[in-house]
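Notes for the one structure printed next.
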Amino acid sequence: MRLSPRGPARWLLYHALPRDEREFILQELDEVAARRFGGQGLGARLWYLRQTAVFAARFLNERRRELLDRSRQRQYDRDDPLGKREPAMTGLVRDISFALRLLAKQPGFAAVVVLTLALGIGPNSAIFSVVNGVLLRPLPYEEPEQLALIRIDLSGLQAHPGIARAEVLDFRHQAEALADVGAVTREFIANLTGGDRMEAGLGASVTPNLFPMLGIRPIVGRAFRPIEETADQPPVAIIGHGLWQRRFGGDPQIVGRETEINNRMVEIVGVLPEGFRLLLGPGTSLSPDVDVWFPLVLDPEDRGFWAYRAIVRMAPGVSIEQAEREVKAVGAGLVADNPDTYDSSGIAFYLHPLHNDLVQDVRPAILVLFGAVALVLMIACTNAASLLLARMKSRERELALRAALGAHRSRIIRQVLIESLVLAMAAGVFGLALGTYGLRGLLALQPGNLPRIDDIALDPTVLAFTLVASFAASLIFGLVPAWQASRPEMQGALKVGVQHQSGLRARTRGAMVVAQVAFCVMLLIGAGLLVRTFASLRGIDLGFSPDSVLTMRAAMNTQEFSDPEARWEVWRQFTARIAELPGVSEVGGISLVPLGNQGMIASYGVGDDLDTDWNGTSADYRFVLPGYFESMGMRLISGRAFDDGDNQQLTPVAIIDESLAAQAWPGEDPVGRQIAIGLGTALNDDESEESPRAEVVGVVTHIRGIDIRRQVRPQIYLPYRASPRSSMFLTVRASGEPASVAEGIRDQARALGLGRPVHTVRTMRSYVDAAMSGARFTLTLMATLAGIALLLSTIGVYSVVAYLVRQRTRETGIRLALGAERADIVRLNLREGMVMTAIGVPIGLVGALFFARSFEALLFGVAATDPYTFLGIPLLLLAVTAVASWLPARRATRVDPLVALRSE
Amino acid sequence: MPRDALGEIEQLVLLAILRLDNGAYGVPIVEEIRERTGRNVSRAAVYIALRRLRGKGLVTSWLTDPEPVPGGRAKRFFRVEPEAIARLAEVRETFMSMWEGLAPTLKRHSG
C-alpha cells in the first residue's frame, strides 16, 4: 500500500536514496506508516515528512562519505597520504544534511523559528503583491510609458480631468510633441432594452483613435472608423467581452446585429478583448466595468464643456517635460485666440503620465505599509536570531570540538548560515501561504479607492521577491549567531563549567530586544495615529444622516415620457406612492446622489457680480424633488424647502448650502437674495439650460463630498422642474431596515409603467463606508502589523528574561540561601526586561518621529507628533513588557536554593 | 579505529538479525533493537548500517517471493555471514576482558 503523501517529500527521498535501496526502503516505510497510523491522516503525513528529512540527510551524508573514501583512495594512490582537501560540493551537501538532521531532532525549536519568520515574511509578500500589481506593473496598453492624461486648473477647479472637444482637436492639430490625442466621456447609463430582458449597463463614448492608441484591437469585428467621429453617422457600438457573453451568449454572429440601447437601434460592430479596462485616475468617473462604447463626435465649436477626458500618446523620443511644455504653449495660444471662452482667471493645462495619475492618491499609503512590513520583518529576524543564539549554548561543546579539530572559522560560520538558510526557506514557503491568505483577507476589506485590484496576484515577481526576502532574512538573523559561534573563545567551552560565553550572548540578545522594542514602538505609534485619524473621520459631520436611507436610480422611457410636465407628474405620483408604503417615513429625489459621483459644476454670481464676472467661483449644483432634504436628514437652517409649487419657469428659485451663504453674504440671511448660476459655462456634458437668475428661498447644511476629509465646493439646489429629467436618484428614509422597502418601490415603478428598471439600489451608509474604505483599509492593515509586532516583541522580551533567569539559577540559589527576599529576586529579574524596554523606547520614539512624518498625508484630525499617542504608546509597551518580564521573574523565586547551588 | 572495525550500531544490527533466527528485513530489525535496548535508535541509521555491513561482506541479502496480495512486492531479507559471527565474538571477548572485576566499582559510582 502506497502512502498518500506523494509529491515533494517522496520525490526527495526517492532521489536521496541509492538506486539499489530505494524501492525496499520506501516500501518498508509505507508498511510502518500503515501499521502506526493506518496510512492516512495528518499524523502519518508529519511522521513521513520527518522520516524523509532524516533519511535524506543521512543517506546524503553516507553518499558523501563514500565519495570521500573513494577520493581519498585515489589521492592516496597519487601519493597524498593526508588527503586534506575535501571536494567542495560534498562539504555543502554535508552542511545541508547536517542542518536538516539537527532541525529534525529539535522540531519544536525549528517550528517556532519558522513560524516567527513566516509572520515577518508573509506580510511582506502580501504587501509586495500590492506594490507590484498597482505601482510596478506597467499598464496593460502598448508602450504605456508614452501615455498621459491632460488635467486643467480652471475657475476654482484644480486638477480637473476634462477638456473641451474643440480643445481636443486643437491639441491634435497643433501639438507636435503629441503623436495622437484621444478622448473619452465619463460613464453614463446604457439601458439595454432589446430582447426579453432589460438591463442597465454602463456606457461611455470614445474617439475612434483611442483604442488603437492604446494598442487594443477588438477580438471580433472592427474598431470605430475615423469618420464616425463626425456627426450624422449611423449609430454603432463596440461592446465589452463580459456583456457579449452575458447578454448575447457569446454569439459568433454578433457583428452587424442590432440592439436597442437608450431608445435607439444600434449596430454592434465589434467586441473588445476579455479583461480590457480603461484605467483612469481620480475624478474621471469612468468605471472599469463599462460595457458599451459609442463613438464620440468631436464638435470643433464646442469650447464650453470641459468634460472630455483627454488621453495623449507622446511622440517617440519626446519626454513628458517636453510634451507638457508644448501643451502649455498651445494652451496659451488658445486663451489668446478665444478671450470670450476663458474668463480672466484663465486656464492652465498639465500633463500627467497615465500610470502616475492613476496611482497618485494611493501611492503614499502603499509605500507607508511597505515600510511597516519591513519593520515587522526586522522584528521577526531579531526574534529568530535571539532564538538561534539561545540554542548556541547547547551546541557550545560541539562547535568547540569542531574548532579544535581544525575546522576553519569560515566553515563554522557557513554551517550556521546554512542552518539559517534552511529555516528561512521553510519560513518563506509558509510565509508565502500566509501572505496569500492574508492578501485575500485584505482585498475582502474592499479598499474602494485602490485601482488595479485585478492586477494584484501571486505572480513570478512576487515569488522571486519572497525568495529574496527569505534569503535576506536568513543572512540578517543568521549572521550574528554564526559569528558568535565561530569566535576563538569558544575553545574555552571544552572545559567543563566555564560560562563566559553566556555573558556576551546575553548582552547580544539584550541588544536584539532593544532593537525589537524600538521597531515595535514605531509601528504602534503609526497604528495609534491611524486609529485616531479613523476616529476623526467617523466623527465628521457629514451634513446629513446616512443611516436608514436607501437610494436607487429610477428612470422612465424618454420617448414615452418626453413632455416635461408629464415627467414631473410621474415623479410626483411615484414619490407619493412610495411615501404610502409601509416602513417609509420620507421620500425625495436628486439628480446625482452625494458621495456617489462627481457632481455637476457651475459658476455663480452674487450681489453686484450678477451680470458679469464670475471669477473663481464654482459650485456643485443638483436638481431635487420635494422631500429630498427631509429624507436625507439635512437641516434647514433658514427659509424653506422646495414644494410642488416651485416651477422654475415662473419664479426661478434656488436653495444654497451654508458655506455658500457664508461666503457670499457673511453674517446675513441670504433668503430673498438673488443668485445667478452660470449653467451655460457648466463643466459637465449635460444639456445646457438657461437659468441665469434665481431667488434664494432656503439655506441647508453643507454636505461632504467623495473625499470626506476635504471641504467641497459649495452646493446649490434647484427644483426638479428647472431641468425635468427622465432619470433621478430616489432617496427614501425608512423607519426600519432600509433594504426592506426596495421591493415595494420596484413594484410601484412597474405599476406606473416607467418602462425602465430600477437599479443601483444602495444605502447611503454604504456610500459613506465606501468613501472611508481607503482609510479603513490602511488602518486595519497597520493595526494588524502593529499587533504582530507587539506579539513578537513581547515574546522576545519574555524569552530573553526567561533565559537570563535560567542563567542565574546558581546565583539566585546563593542569594536565597543567604537570606534574600523572594520579592528582591523578582525585582532583580524584572529589572532586566524593563531596562531593555527603557532603552528601546526612546530610540523607537525618535524613529517614530520620522516614520510618522512620512505618512502625514494620510492623517486627519491628528498631528504627526500627537503627544497623546507618543506618550500613550510607550506606557502601553512598558506595561506589556512588565508583564512579560514578571512572569519568568516570578518563576525564579520558585527555585529550591539547594538544587540551584548544585546546578551548573 | 581501523577501517573495517564494527561500529556500535552495526553490532546491534547483527545481533538483532541473529535474534530473529538469522533472517529478517528492515522493519522487524529496528523493532527488535528498540525493544531490547529500550533506545529509540534511528531507523535511517539501521538501514545505513545494513548497507555498510553488506559492503563489508558481513551480511548477505535475498528476495522473498512477492506477498500473496494484490500489488504485493518482494521483501529483502538479511542473514549474518559466519565471518560476522566470528567478529562479534571477538568484540565480546574484548569487552568482557575489560569489564572483568569492575562490577563493585560500577556500583559505587552510580550510588
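Proteins come first, then strands; the chains are lettered A, B, ... in the order of their sequence lines, and each starts at number 1.
In this structure, chain B has heavy atoms under 4.5 Å from both the backbone and the side chain of Phe55(A). When heavy atoms are compared at a cutoff of 4.5 Å, Ala45(B) approaches chain A by way of both its backbone and its side chain.
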Checklist entry - Can Arg65(A) and Arg52(B) be said to form a side-chain contact (heavy atoms from CB on, under 4.5 Å), step by step? => result CA-CA 11 Å; Arg65(A) 200 190 60 95; Arg52(B) 289 186 191 170; 3.4 Å; yes
Next on the checklist: Checking Leu63(B) against Phe24(A) for the side-chain contact (heavy atoms from CB on, under 4.5 Å) test, could you report, in this order, the C-alpha distance in whole Å, the side-chain angles of both residues, the deciding distance, and whether it holds?
Outcome noted: CA-CA 10 Å; Leu63(B) 293 179; Phe24(A) 300 107; 3.4 Å; yes
Next on the checklist: Please determine whether side-chain contact (heavy atoms from CB on, under 4.5 Å) holds for the pair Arg43(B) and Val32(A), giving the CA-CA distance in whole Å, both sets of side-chain angles, and the decisive distance to 0.1 Å.
Outcome noted: CA-CA 11 Å; Arg43(B) 191 177 296 276; Val32(A) 177; 3.4 Å; yes
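At most 12 heavy atoms of other shown residues, nucleotides or ligands fall within 6.0 angstrom of atom CZ in Arg63(A). When the shell of 6.0 Å around CZ of Phe37(A) is examined, it contains more than 12 heavy atoms from other residues, nucleotides or ligands.
For the pair Arg35(A)/Val27(B), a side-chain contact is recorded, criterion being any heavy-atom separation below 4.5 Å from C-beta on.
Taking the charged nitrogens against the carboxylate oxygens, Lys75(B) and Glu28(A) have no contact shorter than 4.0 Å, which rules out a salt bridge. Look at Arg54(B) and Asp20(A) and you find a salt bridge, because one of the NZ, NE, NH1 or NH2 atoms lies within 4.0 Å of a carboxylate O, short of that distance. A salt bridge is defined here as a Lys NZ or Arg NE, NH1 or NH2 lying under 4.0 Å from an Asp or Glu carboxylate O, and Glu21(A) with Arg51(B) meets this definition. Between Arg73(B) and Glu31(A) there is no salt bridge, since no side-chain nitrogen of the basic residue lies less than 4.0 Å from a carboxylate oxygen of the acidic one.
Distance check, rounded to the nearest 0.5 Å: CD1 of Ile48(B) to CZ of Arg58(A) gives 6.0 Å. With rounding to the nearest 0.5 angstrom, the CZ atom of Arg101(A) is 9.0 Å from the OG atom of Ser42(B).
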